[in-house]
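First the structure, in the form of structure tokens, and then the observations on it.
None of the values given here were measured: they were computed from a predicted structure. The chains referred to below are lettered A, B, ... by the order of the sequence lines, with proteins before strands, and numbering in each begins at 1.
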Amino acid sequence: MSRPYIPKVVTANALLEGDVIYLTADDRWSRQHHEAELIEDEAHAQMRLLHAAAQKSKVVGAYLADAKAGPNGPEPVHFREAFRTRGPSNYFHGKQETAAQ
Amino acid sequence: MYTYSDFDEAFVRARVAQFSGQVERRIDGSLTEDEFRPLRLMNGLYLQLHAYMLRVAIPYGTLNPRQMRQLAHIADTWDKGYGHFTTRQNIQYNWPVLKDVPAILSALADVEMHAIQTSGNCVRNVTADHFAGAAADEIEDPRPVAELLRQWSTDHPEFQFLPRKFKIAITGSPNDRAVTRAHDIGLRMVRNAAGEPGFEVIVGGGLGRTPMIGHTVRGFLPKADLLPYVEAVLSVYNMLGRRDNKYKARIKITVHETGVDEITRLIEERFAEIRPGFGGYDQELLAQIEAAFAPPVFRTAPTDAYDAFYSADPVFRAWADTNLARHRNDEYAIVTISLKAHGETPGDATSAQMRAMADLAERYGHSELRISHEQNVILPHVHKSDLPALHAALAQVGLATANVGLISDIIACPGMDYCALATARSIPVAQDIALRFDELKLEHEVGPLKIKISGCINACGHHHVGHIGILGLDRAGVENYQITLGGDGTETAVVGERAGPGFAYTEIVPAIERLIHAYLEQRTEPAETFLQTYRRVGLAPFKAALYPAEAAQNAA
């Protein structure tokens, strides 16, 4: 029996600022993880990744990251992805800073 | 210090103009990321976890106050008001946006600085002893040779596409403060039987996933042969180095696979071939460079005020005991300004601190600053009578921490707080260790101890040569920290030994605390350092302290 597919989000860095971005179901790039499209089908994930990678003038280094459903939308699974949703732990910089503004 | 020739100036400006065009074409879509990536890396621009990162070279760690102020200006104008000094004597800005990078490079060019060859498979920033030109134990200032190597390696047509990156370190002292044995080429100045200065040439050292201590391929190389000899080493590596496997591409693997005798033979053979082509121009150029590094005019003044202050003020005394090193001129001292205030990020300085250090270098330090691979800032020439005033001024900007060489003077790479390659965080581990030992008020009692932390196997934090090394890994989706013991980055270099299974993030600081208590119990006297104790008693008592449950089981 094959293992169940771990849901994914498509994530990348924005070309101009380098900030972490996520692909939404309506084809926008959001700065917020919880707005990402949670992809539960492997074939669909590959299609979405191709779609993302084709946007060469907007995004850099698109990839699929593990995620899970949460009350406010998708949440990261791995600690690396959790750090990417916030910013560094030594200073209040990055997304945590913009979220507080 | 060296000032740019017209050629240097034109070269750096031309590169800024080129890269400005490349950024423009990337933004308008004419260049793809695959095309742009190698171009940006050639100019020190990385894309990290949260943002771009610009790595700026500080050749052989030397800066003047004007350059330091410009680094502060860049931090304020295009970044978040601080910079991170690295183990390779570079400074990294963590938050530039793409369109601003050309302006930053242009601002760097205004003060004779650049970010060229701070990435990519080329000869990187040549690092040097941070006490160069000042240390009491030094044979000669190694920086003129380092500058010669910088000029020679910059845009060298033969060495722009090496199998892998290539790092050279150089020291003018027999006591190695530049970790030369863990570099692709390490150059350590020694004297021959006739008393002439020359270099021990060490090849094939390196840390990373396959840590290796370099091998001496020439015990004594006359100074005049240095450039052709280094070129011969690069040339042999360029031919033999593996391009089929990134993990086997560094020269340490080439040396390992080829054998020291054979690689030495090949280097000597190539050297004999190219040496006649060096007609002496390199030596003329070196002589010009040497003139630019003439020592400052040292002043003569009484030092009694220093002695009186030293006996009277315990805070000053504690700082003087840890942060001063012996200068070649007895009236002077070498001052290390700690960028390791307890709880702060190792190697970070705010723009205000950078400006303060620039001002103090002008007022008290013959306008010289150095960056050390241990992520501190050095004022190499301070007259002892100025030390009390300097210390007071440093205290006002949070730069008077008296901990150089102690447990809280930790090297830490940026780790997963910034780096895209990292597998775990390093900075908060360093912060927590420093805070904990400050709270215990133990660090002066513990004495000299080097903790070095890397957030991945690539070992930017030099953990293999830490007396205590900490390596952060990802174990099944959780941060996990491995401890190595007994490493040494000096002329008696040794790769540390793995102590056993790793520790979770919340367990690593208590584990270090147990190690330190074991050391305090084991040492014969306070003067016996951690490393000496470790060498005397070996791993066993430390292992027992790290893993008490296993130790109890074995005893039962």
Side-chain angles (χ1 to χ4, degrees), chain A residues 3 6-22 29-33 49-68 75-101, chain B residues 23 25-37 40 45-54 79-82 84 94-101 343-346 348 350 412 414-432 474 476-479 505:
Chain A
R3 290 199 302 186
I6 299 168
K8 301 280 188 286
V9 297
V10 176
T11 181
N13 291 82
L15 171 68
L16 297 181
E17 304 86 13
D19 194 9
V20 175
I21 49 177
Y22 304 94
W29 285 98
S30 168
R31 309 268 153 162
Q32 310 300 326
H33 191 285
L49 181 59
L50 282 173
H51 172 72
Q55 299 181 40
K56 290 177 181 154
S57 58
K58 279 189 190 164
V59 309
V60 182
Y63 64 95
L64 295 168
D66 291 354
K68 62 184 180 201
E75 291 173 3
V77 171
H78 192 278
F79 61 90
R80 183 179 193 269
E81 293 305 320
F83 295 152
R84 289 178 81 239
T85 68
R86 288 198 299 267
S89 51
N90 61 331
Y91 299 120
F92 198 65
H93 288 157
K95 288 191 188 302
Q96 55 199 346
E97 183 186 22
T98 26
Q101 279 165 4
Chain B
V23 167
R25 293 200 293 286
R26 176 67 183 106
I27 291 174
D28 75 16
S30 343
L31 287 176
T32 65
E33 186 60 18
D34 287 346
E35 290 161 336
F36 181 63
R37 191 169 175 274
R40 69 168 157 80
L45 186 64
Y46 286 73
L47 184 56
Q48 297 279 65
L49 216 50
H50 312 292
Y52 285 98
M53 178 273 279
L54 183 68
D79 207 88
K80 292 187 187 287
Y82 75 101
H84 176 73
N94 285 320
W95 302 97
V97 300
L98 183 56
K99 72 168 175 43
D100 289 342
V101 175
E344 298 295 328
T345 303
D348 278 14
T350 65
M416 206 186 269
D417 286 306
Y418 297 92
C419 180
L421 301 174
T423 43
R425 288 171 294 173
S426 326
I427 292 169
V429 175
Q431 290 172 310
D432 290 349
D474 172 354
V478 181
E479 286 168 294
Y505 182 77

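Using modelled atom types, one side-chain atom of A:Arg80 and one backbone atom of B:Ala420 make a donor-acceptor pair closer than 3.5 Å. Using modelled atom types, one side-chain atom of B:Tyr52 and one backbone atom of A:Leu15 make a donor-acceptor pair closer than 3.5 Å.
For A:Tyr91 and B:Asp348, the side-chain atoms include at least one donor-acceptor pair closer than 3.5 Å. For the 3.5 Å distance criterion, the side chains of B:Asp474 and A:His78 qualify, holding a donor opposite an acceptor.
If you measure heavy-atom distances from B:Pro96 to chain A, the contacts under 4.5 Å come from the backbone alone. With a 4.5 Å cut-off on non-hydrogen atoms, A:Glu97 touches chain B through its side chain but not through its backbone. For B:Tyr82, the part lying under 4.5 angstrom from a heavy atom of chain A is the side chain only. Only the backbone of A:Val59 comes within contact range of chain B, judged by heavy atoms closer than 4.5 Å.
In terms of heavy-atom pairs under 4.5 angstrom with chain A, the leader among B:Gln431, B:Lys99, B:Glu344, B:Lys80 is B:Lys80. Counting heavy-atom pairs closer than 4.5 Å to chain A, the top-ranked of the candidates B:Thr32, B:Asp34, B:Val478 is B:Val478. Per-residue counts of heavy-atom pairs under 4.5 Å with chain B were compared for A:Gly18, A:Ala14, A:Pro88, A:Gly87; the largest is that of A:Pro88.
For the pair B:Leu49/A:Arg84, a side-chain contact is recorded, criterion being any heavy-atom separation below 4.5 Å from C-beta on. A 4.5 Å side-chain heavy-atom check between A:His93 and B:His50 finds every atom pair outside the cut-off. You'll find the side chain of B:Val97 stays beyond 4.5 Å of the side chain of A:Leu16, heavy atoms only. B:Thr423 places none of its side-chain heavy atoms less than 4.5 Å from the side chain of A:Phe79.
Shown here is A:Lys56, whose NZ atom has no more than 12 heavy atoms of other residues, nucleotides or ligands within 6.0 Å. Shown here is A:Lys58, whose NZ atom has no more than 12 heavy atoms of other residues, nucleotides or ligands within 6.0 Å. Taking a 6.0 Å sphere around CD1 of A:Ile6, one finds it holds 12 or fewer heavy atoms contributed by other residues, nucleotides or ligands.
Between A:Val60 and B:Arg26, the shortest heavy-atom contact is CG2-NH2, 4.0 Å.
With values rounded to the nearest 0.5 angstrom, A:Glu17 atom CD is found 10.5 Å from B:Asp100 atom CG. If you take CZ on B:Arg425 and CG on A:Asn90, they are separated by 10.5 Å, rounding to the nearest 0.5 Å.
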